[in-house]
Amino acid sequence: MLQISTIRENPHEVINRLAIKNFDANELVKKVISLDAQRRETQKKLDDNLAEANSIAKEIGVLFKNGKSAEANALKERSAELKTASKELSELLQQIENEQYNVLVLLPNLPHPSIPKGKGADDNIVVAEEGVIPVLGENSLPHWDLATKYDIIDFETGVKITGSGFPVYKGKGARLQRALINFFLDNAVANGYVEVQPPFLVNENSAFGTGQLPDKEGQMYYIVEDNLYLIPTSEVPVTNIYRDIILKAEQLPVKNTAYSACFRREAGSYGKDVRGLNRLHQFDKVEIVQITHPDKSYETLEEMKDYVCGLLRKLELPFRVVKLCGGDMSFASAFTYDLEVYAAAQQKWLEVSSVTNFETFQSNRLKLRFREGNGKPQPVHTLNGSALALPRIVAALLENNQTPVGIKIPKALVEYTGFEIIN
RNA sequence: GGAGAGAUGGCAGAGUGGUCGAAUGCGGCGGUCUCGAAAACCGUUGUCCGUCGUAAGAUGGACCGGGGGUUCGAAUCCCCCUCUCUCCGCCA
């Protein structure tokens with residue numbers, strides 16, 4: 001959520017920046033500003049009213065004590081008038097505030113000034129590419145066939161138990177999952193991230209805090225009976241740890257990492273490009289989150305991006321770093337790098353991580369702030385990234401490392417899997 | 001699932017109708033003392049929204065889990081909701 005002060009002070013800047021995201025903010029900005037003026041005017045009236053009422057109440061108290069009940073009763077009449085007026089004003093104020101809020105949440109985050117305009121994924125900028133793209137033999141297979149061939153992932157049994165998008169990992173497949181999770185967590189911890197194990201279900205307030213609600217409830221699984229949501233990413237519970245908190249400047253940066261299963265309904269996304277592990281309803285992911293001083297967040301963004309690159313390097317996967325253009329960025333993002341690995345059998349780049357700086361967009365909504373010395377609280381910057389999401393990593397590992405004798409495990413993972421080859 | 005208790009400032013914990021944004025203790029910050037530190041002592045210490053001001057600040061309002069009600073006046077009385085804790089039941 002944008003800060004009202006930003007909009008009030010630089011309306012044209014807001015409109016221009018949002019145009020980069022192909023978002024026409026003209027009307028909404030106008031509306032927010034006019035509602036803001038109404039809000040302040042109404043509040044002034046209400047406050048004056050209440051101030052008078054407060055002082056009358058005190059007077060009445062004194063009068064009664066001194067036995068001057070006639071005078072007190074006269075004042076009561078004025079007090080009653082004020083009460084009626086205050087009630088109307090406060091209802092009006094509430095209504096204006098709600099309206100303003102409802103408009104405010106429709107405005108996406110401003111993209112960083114360096115973000116180029118663009119329509120969609122085709123206009124993203126590849127800022128780095130690394131690793132050797134393997135050339136596979138004639139009878140190479142996509143990962144879903146390899147999974148069946150070596151009996152490590154069973155999609156059909158998953159369908160029987162739950163439905164499509166819920167695979168069953170078996171044998172070395174299951175072990176590979178566990179190995180990757182540990183590998184990612186250990187690396188994050190070695191890089192100064194504090195590991196947390198969050199709940200996989202969150203309440204309404206949390207879903208709201210990170211922006212899944214009120215808009216995107218359809219993307220989450222929902223438990224009606226308990227009014228809880230299955231998390232689409234551990235970003236939700238981890239970030240919400242810091243909801244309604246004022247940190248001290250010395251506590252920054254906060255660095256957390258968490259493994260969680262992630263649950264996504266992805267309604268309407270069935271169809272092409274979703275075979276095998278490419279898109280699932282339940283998958284595993286290790287997330288990294290940082291809360292930083294506003295002056296440090298872009299430095300941190302680079303650091304987080306480089307950290308994820310390091311993981312891909314250790315896994316010996318060819319990858320590229322893509323800077324998203326305005327049109328492809330998410331609602332809440334100010335700057336996003338996507339990291340993609342090449343899956344050699346599908347001959348396709350697969351997004352495995354998204355590293356994003358939200359600046360104050362999340363912290364403003366979360367009421368997550370920090371204080372320098374005795375200064376006023378101010379919003380922090382929040383960032384997060386996948387480090388990493390498993391399924392597409394597994395897909396690329398299987399496809400790229402297939403050989404006539406089996407699938408080779410990258411060296412760095414062997415101490416975690418306990419085997420060097422899947423055969 | 002059944003029964004009971006509770007929700008107050010960073011924490012602990014008083015406060016049952018007006019002088020309460022709220023005692024006291026701890027913690028934090030500043031100071032005195034000290035070569036320095038500890039102890040002791042003194043002072044200070046919440047958030048949000050307005051108004052005035054370049055600012056420092058001044059000032060109005062709101063906030064004692066959330067919402068509603070009674071009253072001239074509510075942390076305090078009444079109603080509803082949420083959450084937490086304890087005991088019983090069930091259970092990895």
Side-chain angles (χ1 to χ4, degrees), chain A residues 1-9 32-104 197 199-209 213-214 222-229 237 240-252 254 261 291 360 363-380:
Chain A
M1 192 166 74
L2 293 176
Q3 282 168 282
I4 181 67
S5 54
T6 311
I7 300 172
R8 193 163 59 205
E9 284 154 29
V32 166
I33 290 177
S34 118
L35 284 167
D36 194 51
Q38 288 177 50
R39 194 197 99 236
R40 281 146 65 191
E41 194 193 323
T42 309
Q43 166 133 28
K44 179 96 178 71
K45 283 189 203 156
L46 176 62
D47 286 355
D48 290 347
N49 241 326
L50 292 174
E52 191 182 343
N54 285 343
S55 85
I56 288 180
K58 273 183 191 149
E59 272 181 65
I60 292 176
V62 174
L63 289 172
F64 271 126
K65 245 174 213 165
N66 299 333
K68 300 180 181 169
S69 53
E71 288 173 50
N73 285 324
L75 278 178
K76 278 191 190 181
E77 275 177 40
R78 175 63 185 150
S79 180
E81 280 171 34
L82 286 170
K83 193 179 178 182
T84 320
S86 298
K87 189 167 183 187
E88 276 170 24
L89 282 169
S90 80
E91 273 165 16
L92 179 62
L93 182 63
Q94 188 62 53
Q95 186 199 322
I96 293 170
E97 279 176 353
N98 290 344
E99 215 174 312
Q100 184 180 27
Y101 184 84
N102 290 337
V103 176
L104 219 43
Q197 269 196 30
F200 291 1
L201 279 75
V202 294
N203 60 28
E204 230 173 328
N205 282 340
S206 296
F208 192 84
L213 294 181
Y222 175 55
I223 315 281
V224 178
E225 207 172 16
D226 299 294
N227 194 23
L228 295 172
Y229 297 85
N240 270 285
I241 292 172
Y242 303 97
R243 167 151 52 88
D244 292 324
I245 281 186
I246 301 174
L247 295 163
K248 291 186 187 131
E250 318 73 275
Q251 290 177 277
L252 301 175
V254 172
I291 299 168
T360 61
S363 57
N364 189 34
R365 186 192 273 238
L366 286 163
K367 300 201 180 70
L368 166 54
R369 291 161 293 173
F370 79 106
R371 189 201 309 274
E372 242 160 350
N374 290 324
K376 283 249 169 264
Q378 48 179 315
V380 295

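Note that the structure is predicted; figures quoted are calculated from it, not measured.
Rounded to whole angstrom, the span from the CG atom of A:D244 across to the C1' atom of B:G65 amounts to 12 Å. If you take CG of A:L82 and P of B:G61, they are 13 Å apart, rounded to a whole angstrom. Atom-to-atom, CG of A:N49 to C1' of B:U51 comes out at 16 Å; the value is rounded to the nearest Å. In this structure, the CG atom of A:D48 is 12 Å from the P atom of B:A62, given to the nearest Å. Atom pair A:Q43:CD and B:G50:P shows a separation of 6 Å (rounding to whole Å applied). The separation between A:Q94 atom CD and B:A62 atom P is 15 Å, rounded to whole Å. Remark: P of B:U47 and NZ of A:K376 are 6 Å apart, rounded to the nearest angstrom. Rounded to an integer number of Å, the gap from CD of A:E204 to C1' of B:C83 is 14 Å.
At most 12 heavy atoms of other shown residues, nucleotides or ligands fall within 6.0 angstrom of atom CD in A:Q197.
A close approach under 4.0 Å does occur between a side-chain nitrogen or oxygen of A:R371 and OP1 or OP2 of B:U47. Between A:R369 and B:U47 there is no side-chain polar atom (N or O) within less than 4.0 angstrom of OP1 or OP2. Put simply, A:R40 has no side-chain N or O that comes within less than 4.0 Å of OP1 or OP2 on B:C49. Using a 4.0 Å cut-off, some side-chain N or O of A:N54 falls inside it from OP1 or OP2 of B:A62.
Across all strands shown, B:G60 forms a Watson-Crick or G-U wobble pair, both distances under 3.5 Å, with B:C49. The nucleotide B:C83 finds its pairing partner in B:G6, both defining distances of the Watson-Crick or G-U wobble pair being shorter than 3.5 Å. Of the nucleotides present, none pairs with B:A75 by Watson-Crick or G-U wobble criteria with both distances under 3.5 Å. With a cut-off of 3.5 Å on both Watson-Crick or G-U wobble distances, the partner of B:C20 is given as none. Pairing for B:C11 is with B:G25, a Watson-Crick or G-U wobble pair whose two hydrogen-bonding atom distances lie under 3.5 Å. Base-pair partner of B:A39: not found among the strands shown (Watson-Crick or G-U wobble, both distances under 3.5 Å). Using Watson-Crick or G-U wobble geometry with both donor-acceptor distances under 3.5 Å, B:C90 finds no partner in any strand shown.
Between A:E41 and A:K44 no salt bridge is recorded (no basic side-chain N to carboxylate O distance below 4.0 Å).
Where A:K44 and A:K76 meet RNA chain B, the nucleotide closest to each residue was compared, and A:K44 sits on the side nearer the 5' end. Each of A:I246 and A:S79 lies near RNA chain B, and the nucleotide nearest A:I246 is the one positioned closer to the 5' end.
In the interface, the side chain of A:D47 is paired with the base of B:G60 through a donor and an acceptor atom under 3.5 Å apart.
Residue A:K87 is classed as a sugar-phosphate contact, given heavy-atom separations below 4.0 Å to backbone atoms only. Here A:L50 lies in heavy-atom contact (under 4.0 Å) with sugar-phosphate atoms only.
No side-chain heavy atom of A:T360 sits under 4.5 Å from any side-chain heavy atom of A:V380.
For the residue pair A:S86 and A:L46, the shortest heavy atom distance occurs at O-CD1, 3.6 Å. A:L89 approaches A:T42 most closely through the heavy-atom pair O-CG2, 3.8 Å.
Across B:G17 and B:C26, the matching P atoms stand 30 Å from one another, rounded to whole Å. Taking atom P in both B:G9 and B:C63, the straight-line distance is 15 Å, to the nearest Å. Comparing B:A22 with B:G60, their P atoms sit 13 Å apart, to the nearest whole Å. Straight-line distance between the P atoms of B:C20 and B:G61: roughly 16 Å, to the nearest whole Å. Across B:G50 and B:C42, the matching C1' atoms stand 36 Å from one another, rounded to whole Å. A distance of about 30 Å separates the P atoms of B:G28 and B:U86, rounded to the whole Å. With both ends at atom P, the span from B:C78 to B:G25 equals 32 Å, rounded to whole Å. When the C1' atom is compared between B:C29 and B:C85, the two are found 34 Å apart, to the nearest whole Å.
No hydrogens or angles considered: nothing links the side chains of A:Y229 and A:N203 as a donor-acceptor pair under 3.5 Å. Side-chain contact of A:R243 with A:S206: a donor-acceptor pair under 3.5 Å is present, judged by distance alone.
Here B:U71 is the nucleotide among B:U71, B:C49, B:U47 with the atom lying nearest to any side-chain atom of A:K83.
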